[in-house]
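Worksheet: the structure to be examined is printed underneath.
All residue numbers refer to positions in the sequence shown, counting from 1.
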Amino acid sequence: MGSQGAGRQPKYQRIAAELKAAIHSGEYGPGDRLPGENDLMATYEVARMTARQALGVLQSEGLAEARKGAGVFVREFRPIRRRGVQRLSPALWGAGRSIWTADTEGRDLTVDPISVTEEDAPEAIARVLGLVDGARACVRRRRFVLDGRPVLLATSYLDAELVAGTAITRTDTGPGGIYARLDEIGSKPVRFREEVRSRMPTAEENDRLGLAAGTPVVLICRTAFAEDGRAVEVNDMVLDASAYILEYDFDA
């Protein structure tokens with residue numbers, strides 16, 4: 001019964017499966033050129049469109065990328081292992097380091113562009129932050145680019161009155177970032193909550209992250225709470241799902 005099911009699988013999917021197996025086994029390593037359309041046509045005795053579809057599967061899944069005039073290559077980008085618990089330790093940001101250093105392990109990380117505005121927060125976020133009667137939010141938007149590839153869009157919301165006059169209202173928040181500055185004004189985060197879900201990207205997200213066709217995004221909404229239970233920051237993040245491994249390591 002299983003062989004019959006395999007027989008009904010389109011030829012391009014069978015070819016793609018064999019190429020993926022070769023990549024996972026190490027036969028083709030990062031940066032290696034994969035067999036081209038002509039090679040696949042000869043090896044599998046298929047039409048050019050079938051060969052093209054097979055290579056398209058690998059590109060849509062983020063395993064390979066086409067280089068104009070050169071062929072299709074195994075993608076060299078290494079996934080980011082996002083350590084959801086360790087990265088938020090005060091030992092990191094309390095020592096003046098960015099929480100992103102826990103993810104990037106010395107790789108080339110740039111943040112562009114950074115915008116800081118004062119505006120009305122979305123209703124759900126305003127409710128979490130306790131913003132009432134027209135209170136405004138300080139909104140920080142940024143895009144993270146790792147090894148030349150956009151991987152994450154992040155938008156932080158904070159009570160504008162709480163952070164007025166601090167470096168949080170500037171593009172450069174200084175050593176340790178937002179959480180270190182909150183600590184300095186008596187609103188140190190002591191607890192975090194993250195909610196994770198997934199969907200297909202909007203047109204704007206697709207454009208800003210440069211996503212391959214068919215690539216979903218992971219949404220992480222993190223809320224930071226101070227000692228008195230107040231929510232002091234809500235961070236809405238949109239991650240390129242093909243770029244991340246989400247790791248949560250905690251004691252039993």
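- Only one option out of Arg230, Arg181, Glu227, Glu233 pairs with Ser187 in a side chain to side chain donor-acceptor pair (under 3.5 Å); it is Arg230.
- When atom types are taken as modelled, the side chain of Thr166 and the backbone of Ile168 share a donor-acceptor pair closer than 3.5 angstrom.
- Residue Phe73 is found outside any hydrophobic cluster, as its side-chain heavy atoms come under 4.5 Å of no other Ile, Leu, Val, Met, Phe, Trp or Tyr.
- Side chain of Arg33 to backbone of Ala70: a donor-acceptor contact under 3.5 angstrom is found.
- Glu119 CD to Cys138 SG: the interatomic distance, rounded to the nearest 0.5 Å, is 9.0 Å.
- Of all the heavy atoms in Leu40 and Val46, the pair that sits closest is O-CG2, 3.9 Å.
- A salt bridge links Glu195 with Arg193; the closest basic N to acidic carboxylate O contact falls under 4.0 Å.
- With hydrogens and angles disregarded, a donor-acceptor distance shorter than 3.5 Å links the side chain of Ser198 to the backbone of Val217.
- Considering all non-hydrogen atoms of both residues, Met237 and Leu239 come closest at CB-CD1, 3.8 Å.
- Using a distance-only test at 3.5 Å, with no hydrogens or angles considered, a donor-acceptor pair links the side chain of Asp147 to the main chain of Asp108.
- The aromatic ring centres of Phe192 and Tyr179 sit less than 6.0 Å apart.
- Between the CG atom in Asn235 and the CZ atom in Arg222 there is a gap of 5.0 Å [rounded to 0.5 Å].
- Nearest heavy atom pair, residue Leu219 against residue Arg199, reads CD1-NE, 3.4 Å.
- In this view, Arg52 and Glu37 satisfy the side chain to side chain donor-acceptor pair (under 3.5 Å) rule, not counting sequence neighbours.
- Taken together through direct or relayed side-chain contacts under 4.5 Å among Ile, Leu, Val, Met, Phe, Trp and Tyr, Val72 and Val74 form part of one hydrophobic cluster.
- Taking every heavy atom of both residues into account, Ile185 and Leu162 meet most closely at CD1-O, 3.5 Å.
- Under the 4.5 Å side-chain heavy-atom criterion for grouping Ile, Leu, Val, Met, Phe, Trp and Tyr, Ile220 is connected to Phe250 within one hydrophobic cluster.
- Across Gly31 and Arg67, no two heavy atoms sit closer than the pair CA-NH2, 4.4 Å.
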_Let's go through Arg140 and Thr171 carefully: what are the C-alpha distance in whole Å and the side-chain angles of both, what is the deciding distance for side chain to side chain donor-acceptor pair (under 3.5 Å) to 0.1 Å, and is it a yes or a no?_
CA-CA 8 Å; Arg140 299 180 53 85; Thr171 54; over 6 Å; no
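- Val163 is not connected to Val139 by any chain of hydrophobic side-chain contacts under 4.5 Å among Ile, Leu, Val, Met, Phe, Trp and Tyr, and they are in different clusters.
- In this structure a side-chain-to-backbone donor-acceptor pair under 3.5 Å is missing from Thr215 to Leu211.
- The existence of a salt bridge linking Arg127 and Glu123 is confirmed by a sub-4.0 Å separation between a basic side-chain nitrogen and an acidic carboxylate oxygen.
- With respect to the salt-bridge test (charged N to carboxylate O, under 4.0 angstrom), the residues Arg149 and Glu65 do not qualify.
- Here the closest heavy-atom approach between residue Arg82 and residue Tyr244 is recorded as CB-CD2, 3.9 Å.
- Taking CD1 from Ile15 and CD from Gln9, the interatomic distance works out to 10.0 Å, rounded to the nearest 0.5 Å.
- Criterion: ILVMFWY side-chain heavy atoms under 4.5 Å apart, direct or through other members. Under it, Val196 and Val128 are not part of a common hydrophobic cluster.
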